[in-house]
A.B. asks: 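The structure that follows is given in the form of structure tokens.
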Amino acid sequence: MNIITRPHKLRGIEGRIGIEKISRRSVLTGLGIAGGLVLAAPVTSRQAFAAYETGAGKMPHGTVVDPRVFVAIASDGTVTIVAHRSEMGTGVRTSLPLVVAEEMEADWSRVKVAQAHGDEVKFGNQDTDGSRSTRHYLMPMREIGASARVMLEAAAAKRLGVPVTEVKAVNHEVVHSASGRRLGFGELAADAAKEPVPSIGSLKLKDPKDFRYLGKGQVSIVDLRDITVGTAQYGSDTRLPGMKYAVIARPPVTGGKLVSFDATDAMKVSGVEKVMEVQGWPWPSKFQPLGGVAVIARNTGAAIKGRDALKIVWDDGANGKYDSVAYRSELEQAARKPGLVVRKEGDVDGALKGADKVIVGEYYLPHLAHVSMETPVAVANVRDGKAEIWAPVQSPGGTREDAAKTLGIPEDNVTVNVTLLGGGFGRKSKCDFALEAALISKAIGAPVKVQWTREDDLRHDFLHTVSVERIEAGLDKSGKVIAWRHRSVAPTIASTFAANAVHAAPFELGMGLIDMPFEIANIQCENPEAAAHARIGWFRSVSNIPRAFAVQSMVGELAHATNRDQKDMLLELIGSPRLVKLDSVKDPWNYGEPFDSYPIDTGRLRRVVELVADKGGWGRSVPKGHGLGIAVHRSFVSYIATIVEVAVDDKGKLSIPRVDTAIDCGTFVNPERIQSQIEGAAIMGLSLAKYGEITFKDGKVQQGNFDNFPVVRMDEAPLITNVHIVPVAADTPPSGVGEPGVPPFAPALVNAIFAATGKRIRALPIGKQLET
Amino acid sequence: MIKLKINGQERNWDGDPDLPLLWFLRDEIGLTGTKYGCGQALCGSCTVIVDKEAVRSCITSVSDVVNREVTTIEGLHPTGDHAVQKAWRQVNVPQCGYCQAGQIMQAAALLLDNSKPTHDQIREAMSGNICRCGCYQRIENAVHLASTGV
Ligand code: FES
Ligand code: FES
């Protein structure tokens with residue numbers, strides 16, 4: 001869920017792909033629609049042009065700004081727009097095509113959305129992660145739509161024999177107002193396809209005040225009806241003639257290996273057809289399969305029953321002693337000693353020594369599992385040196401590359417069809433499950449579906465890391481914070497790609513550690529070493545979870561220590577409205593975005609705090625046993641502040657009467673989906689705060705299903721979550737929405753709990769800590 | 001040979017009588033609207049209606065539903081316009097949507113039993129159904145809308 005999605009491969013170096021590299025074959029077969037907007041004359045240069053720069057061009061394969069790739073118009077007027085990002089619940093499959101429709105003046109009710117398969121040369125980068133789809137594609141999609149509009153207008157002007165300046169596309173027609181003549185998009189499609197694609201510099205984008213769809217929030221997601229009638233196609237719903245169903249027993253310890261297995265009893269289970277070994281890769285195994293024993297059957301139920309009957313001997317390997325209790329104290333020890341300095345301003349040691357008072361907070365956050373409702377699942381059909389995969393993947397392009405390498409065939413022989421994702425949260429940016437299906441299909445010579453059970457999902461996840469964050473804050477006599485040392489210690493995602501990676505990668509440091517925005521004279525951030533003993537991966541909002549928890553909890557602790565209101569303390573620490581300079585940080589990571597377009601703007605940070613305080617009724621009086629807590633965090637270059645009202649009863653049971661969140665995500669497409677993402681983020685934040693914990697003993701995950709890895713259900717969900725979106729100037733660059741709602745929730749909650757009970761929670765999950 | 005009635009249609013099964021109904025529906029007869037989420041009656045994704053009750057198909061074997069009427073999301077309403085389905089669309093409930101078939105079947109069963117549930121009754125009745133995307137506020141509002149029209 002970050003810019004270096006696949007650091008082991010350095011995919012970024014391929015850079016931007018020019019239009020000329022797009023093969024005619026792929027253009028002409030693009031959508032297979034007669035009369036499609038298919039262009040004959042190549043254009044030489046279509047670099048994205050915008051009022052602001054984003055990091056889109058640095059993503060693997062960059063962006064493709066070409067109406068011929070993304071838009072087709074049939075002669076009956078149906079406009080088909082390609083969605084090249086994966087839909088996992090954010091609404092992106094609707095919002096990006098909606099942007100194209102807006103600019104080309106298409107009538108949304110006559111638009112169909114077609115999902116792109118994995119092909120980054122053709123479509124540009126498809127890694128749906130890092131909360132960057134709108135950020136990177138708002139402007140390219142506008143340009144694509146505007147280009148199509150210009151081509152339609154040019155075709156209409158020729159047909160009507162009038163200058164192009166006299167015609168205008170309006171709601172699926174091109175109108176010549178002087179004569180009242182009008183031509184539908186369908187009638188113009190074939191001619192428009194022959195028009196040259198205009199240069200991006202010549203495009204005139206719509207004035208935002210003329211938007212019909214953008215920023216309005218009145219368009220429902222395209223899959224809404226299918227979802228409510230059960231016909232929406234998720235990864236698990238793919239069915240092929242002759243398809244077999246498989247489940248796999250994987251090594252229970254990360255890095256473990258199969259020694260031997262006995263399939264006698266499994267083969268006796270009705271419906272089981274075959275038992276076979278699946279190849280595993282040595283640890284760190286990147287996104288490659290873990291290996292194990294597959295049971296192949298005529299249906300999933302039989303495969304599961306067969307797997308239960310297997311007798312397997314495993315070699316647990318180097319991580320067989322991983323123990324969460326012992327590991328926590330290792331992390332705590334590391335956090336109490338100096339570590340690699342990753343940001344340094346002033347003299348923290350001196351300032352802490354001279355401080356009137358030093359407040360120390362040590363915060364522990366355990367491993368978390370993603371548990372998207374749809375577990376990992378994939379269908380593959382591999383035969384005659386060709387592979388076709390159907391899978392709910394966030395990384396269709398990467399999946400295609402990895403499948404080609406794993407199978408030893410050229411990428412051109414691999415097709416990755418992207419289904420809907422039944423949730424992703426970062427788990428499905430790793431394609432191990434699709435590779436398993438490919439390997440098994442190749443071995444049995446038939447299409448196969450590999451289904452992960454919930455137990456598989458919890459025990460073989462790419463987990464959120466486990467961390468200790470230790471903050472020491474020094475105060476002078478007046479109560480002003482003059483020193484801030486933050487040590488962050490956690491196994492790194494880089495350990496999934498490189499053996500012996502023990503320090504945070506730059507993208508992890510940039511998530512709430514080195515970008516800490518407070519105006520304090522002496523600041524030092526350190527990153528002591530931590531070794532990984534499990535697969536670590538991106539989990540919705542990633543390292544921002546522990547960092548925001550620590551920093552914003554410390555704000556609450558400081559408010560208490562100095563007898564001040566939490567919000568006042570927070571605003572004092574943020575300090576003056578300014579752009580935070582990270583001069584002492586070597587190569588600071590900013591979610592892959594240039595600081596010019598996306599600075600760390602404390603004015604905007606202050607504004608969300610003030611907005612949420614205003615709308616969320618900060619300071620209102622609450623009943624006994626209730627408390628209010630506040631937290632703010634910038635992540636994915638958006639600014640989010642949350643107020644939680646908690647109620648804790650006399651047995652220590654907590655409930656959430658109300659949540660308010662203010663978000664400044666720059667320019668936005670669909671406020672209704674922003675709202676749903678923030679509502680969901682509150683639930684996910686509450687789940688991880690209350691219950692989220694994966695623990696290891698003897699190298700094995702101790703949880704297996706929702707009974708021992710609970711998530712929040714409706715009866716404990718906040719009674720109401722209000723979302724307040726900051727209105728911004730139309731030229732403000734768009735920023736992330738999917739992830740940034742999560743980090744401020746847990747610290748706002750523990751600050752509220754402190755206000756309600758006087759009890760300071762420093763380790764998550766809350767679990768039984770409040771029980772009396 | 002086991003004879004079943006699913007969405008008003010006769011179906012036969014001559015395999016393992018203990019096969020969970022969920023996998024029979026999804027894999028054997030292609031009714032993939034019913035989803036797997038946990039296999040242990042913990043999440044509600046696999047909810048179907050048997051006679052008039054919400055049932056977790058992941059822990060219900062095929063032999064358990066002989067001579068009973070099984071309704072899946074595909075059979076809830078002939079045109080997909082059950083009051084619950086309509087309310088779901090009006091409130092824009094789904095995010096990823098994966099849990100929603102189970103949620104809708106649970107809500108439909110609730111309304112069969114109690115046509116005007118209070119908010120507390122809705123929260124209670126729907127708490128067996130997990131939505132990892134966190135659409136609870138809207139689910140609650142949609143059930144309320146389906147039952148009251150407002
Ligand atoms: S799959 Fe049946 S309740 Fe979860
Ligand atoms: S909508 Fe995604 S799990 Fe409910």
Side-chain angles (χ1 to χ4, degrees), chain A residues 87-91 220-221 223-234 236-237 239 245 269-271 298-302 304-305 371-375 420-425 451 453-454 672 676-677 679-684 687 705-707 711-718 720-721, chain B residues 15-16 18-20 22-24 26-28 30-40 42-43 45 72-74 76-77 79-80 82 84-86 88-89 92-101 104 119-120 122-140:
Chain A
E87 181 60 80
M88 56 186 141
T90 62
S220 295
I221 54 172
D223 300 299
L224 182 58
R225 187 177 176 88
D226 290 350
I227 289 169
T228 61
V229 300
T231 54
Q233 293 292 301
Y234 297 88
S236 59
D237 300 333
R239 291 168 63 80
Y245 297 81
V269 171
S270 165
R298 65 168 287 161
N299 62 56
T300 316
I304 293 171
K305 201 167 175 183
V371 291
S372 51
M373 279 323 288
E374 179 193 45
T375 53
L420 291 176
L421 282 63
F425 313 120
Q451 174 77 53
T453 63
R454 181 60 64 196
E672 191 276 326
S676 64
Q677 283 302 294
E679 288 164 11
I683 304 289
M684 192 167 273
S687 287
N705 213 314
F706 292 116
D707 49 353
V711 295
V712 162
R713 295 166 181 274
M714 194 189 283
D715 57 353
E716 48 193 336
I720 180 134
T721 299
Chain B
D16 182 356
D18 294 337
L19 177 69
L22 170 67
W23 302 118
F24 178 76
R26 291 185 51 81
D27 299 351
E28 295 290 346
L31 293 177
T32 55
T34 305
K35 300 293 192 253
Y36 168 83
C38 71
Q40 307 280 347
L42 296 166
C43 78
S45 299
T72 71
I73 185 76
E74 292 91 341
L76 181 61
H77 187 278
T79 59
H82 186 282
V84 170
Q85 290 169 312
K86 287 204 283 197
W88 242 247
R89 296 193 284 264
N92 287 308
V93 170
Q95 290 181 37
C96 82
Y98 187 82
C99 73
Q100 301 297 347
I104 288 169
H119 276 279
D120 281 348
I122 294 171
R123 286 166 77 87
E124 157 94 46
M126 298 302 296
S127 281
N129 291 67
I130 293 173
C131 175
R132 180 61 164 159
C133 297
C135 304
Y136 297 129
Q137 185 166 317
R138 295 175 188 224
I139 293 170
E140 186 182 329

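Numbered from 1 within each chain, the chains take letters A, B, ... in sequence-line order. Just the heavy atoms: all of them, side chains too, but no hydrogens, waters or symmetry mates, feed the values below.
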A.B. asks: For chain A, find which of B/S127, B/G80, B/G33 contributes the most heavy-atom pairs closer than 4.5 angstrom.
C.D. replies: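 If we count pairs closer than 4.5 Å to chain A, B/S127 comes out on top.
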A.B. asks: Spell out, as yes or no, whether a donor-acceptor pair under 3.5 Å connects the side chain of A/Y234 to the backbone of B/C96.
C.D. replies: yes
A.B. asks: Is chain B contacted by the side chain of A/E87, its backbone, both, or neither, given a heavy-atom distance below 4.5 Å?
C.D. replies: neither
A.B. asks: If I compare all heavy atoms of A/D707 with all of B/L42, which pair ends up nearest, and what's the gap?
C.D. replies: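 Shortest heavy-atom separation between A/D707 and B/L42 comes out as N-CD1, 3.6 Å.
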A.B. asks: Rounded to the nearest 0.5 Å, how far does CZ of A/R239 lie from CG of B/D27?
C.D. replies: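 Answer rounded to 0.5 Å: 6.5 Å.
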A.B. asks: Looking only at atom types and distance, does a side-chain atom of B/R123 sit under 3.5 Å from a main-chain N or O of A/M714, one as donor and one as acceptor?
C.D. replies: yes
A.B. asks: Between chain B and each of A/Q233, A/E374, A/K305, A/M88, count heavy-atom pairs under 4.5 Å; write down the option with the most.
C.D. replies: A/E374
A.B. asks: Give, for atom OH of B/Y136 and atom CD of A/E716, the distance between the pair rounded to the nearest 0.5 Å.
C.D. replies: 8.0 Å
A.B. asks: Check each atom of A/A682 against the heavy atoms of chain B and say whether the ones under 4.5 Å are side chain, backbone, both or neither.
C.D. replies: neither
A.B. asks: For the atom pair SG (B/C133) and CD1 (A/I683), what is the distance rounded to the nearest 0.5 Å?
C.D. replies: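 Rounded to the nearest 0.5 Å, the SG-CD1 separation comes to 11.0 Å.
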A.B. asks: Identify the two heavy atoms, one from B/S45 and one from A/M373, that lie closest to each other, and give their separation to 0.1 Å.
C.D. replies: OG-CE, 3.3 Å
A.B. asks: Run the salt-bridge test on B/K35 and A/D237 with the 4.0 Å N-O cut-off and return the result as yes or no.
C.D. replies: yes
A.B. asks: Which of the residues A/Q451, A/M684, A/E672 is involved in the greatest number of heavy-atom pairs with chain B at under 4.5 angstrom?
C.D. replies: A/E672
A.B. asks: To check you understand the geometry: which heavy-atom pair defines the closest contact between A/F706 and B/G37, and what is its length?
C.D. replies: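 The pair with the smallest heavy-atom distance is CE1-O, 3.7 Å.
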A.B. asks: Which region of A/S687, side chain (C-beta onward) or backbone (N, CA, C, O), has a non-hydrogen atom less than 4.5 Å from a non-hydrogen atom of chain B, or is it both or neither?
C.D. replies: side chain
A.B. asks: When you compare the side chain of A/I221 with that of B/N92, does any pair of heavy atoms fall below 4.5 Å?
C.D. replies: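 Sidechains of A/I221 and B/N92: no contact.
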A.B. asks: Hey, could you give me the CD/CG distance between B/Q100 and A/D223, rounded to the nearest 0.5 Å?
C.D. replies: 12.5 Å
A.B. asks: Taking every heavy-atom pair that is under 4.5 Å apart, which of A/L421, A/V371, A/I720 has the most such pairs with chain B?
C.D. replies: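 Ranked by heavy-atom pairs under 4.5 Å with chain B, first place is A/V371.
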A.B. asks: For residues B/R26 and A/S236, determine if any side-chain heavy atom of one lies less than 4.5 Å from a side-chain heavy atom of the other.
C.D. replies: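 Side chain of B/R26 against side chain of A/S236, heavy atoms only: contact under 4.5 Å found.
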A.B. asks: Kindly indicate whether the side chain of A/R713, heavy atoms from C-beta on, has any atom under 4.5 Å from the side chain of B/I130.
C.D. replies: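 A side-chain contact exists here, since the closest heavy-atom pair is under 4.5 Å.
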A.B. asks: Check whether B/I104 gets within reach of chain A through its side chain, its backbone, both or neither, counting any heavy atom under 4.5 Å.
C.D. replies: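 B/I104 touches chain A through side-chain heavy atoms alone.
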A.B. asks: With a 4.5 angstrom heavy-atom cut-off, could you sort out which part of B/Q137 is near chain A: side chain, backbone, both or neither?
C.D. replies: side chain
A.B. asks: Roughly how far, to the nearest 0.5 Å, is CZ of B/R89 from CD1 of A/I227?
C.D. replies: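 Atom-to-atom, A/I227:CD1 and B/R89:CZ are 11.0 Å apart.
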A.B. asks: From A/N299 CG over to B/E28 CD, what is the distance, rounded to the nearest 0.5 angstrom?
C.D. replies: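 Nearest 0.5 Å value for the CG-CD distance: 4.5 Å.
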A.B. asks: Go through the atoms of B/C38 and report whether side chain, backbone, both or neither lie under 4.5 Å from a heavy atom of chain A.
C.D. replies: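 Looking at B/C38, backbone and side chain both touch chain A.
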A.B. asks: Return the option, out of A/T231, A/T453, A/T300, A/T375, with the maximum number of heavy-atom pairs under 4.5 Å with chain B.
C.D. replies: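 Most heavy-atom pairs within the cutoff with chain B belong to A/T300.
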A.B. asks: Under 4.5 Å from any heavy atom of chain B, what part of A/A717 do you find: side chain, backbone, both or neither?
C.D. replies: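 Looking at A/A717, backbone and side chain both touch chain B.
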A.B. asks: Where on B/D120 is there a heavy atom nearer than 4.5 Å to chain A: the side chain, the backbone, both, or neither?
C.D. replies: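 Contact with chain A involves no heavy atom of B/D120 at all.
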A.B. asks: Heavy-atom pairs under 4.5 Å with chain B - which of A/V712, A/D226, A/I304 has more of them than the others?
C.D. replies: A/V712
A.B. asks: What part of B/R138 lies closer than 4.5 angstrom to a heavy atom of chain A: side chain, backbone, both or neither?
C.D. replies: side chain
A.B. asks: What closest approach, in Å, do A/S372 and B/R132 show between heavy atoms, and which atom pair accounts for it?
C.D. replies: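 Closest pair (atom of A/S372, atom of B/R132, distance): CA-CG, 4.2 Å.
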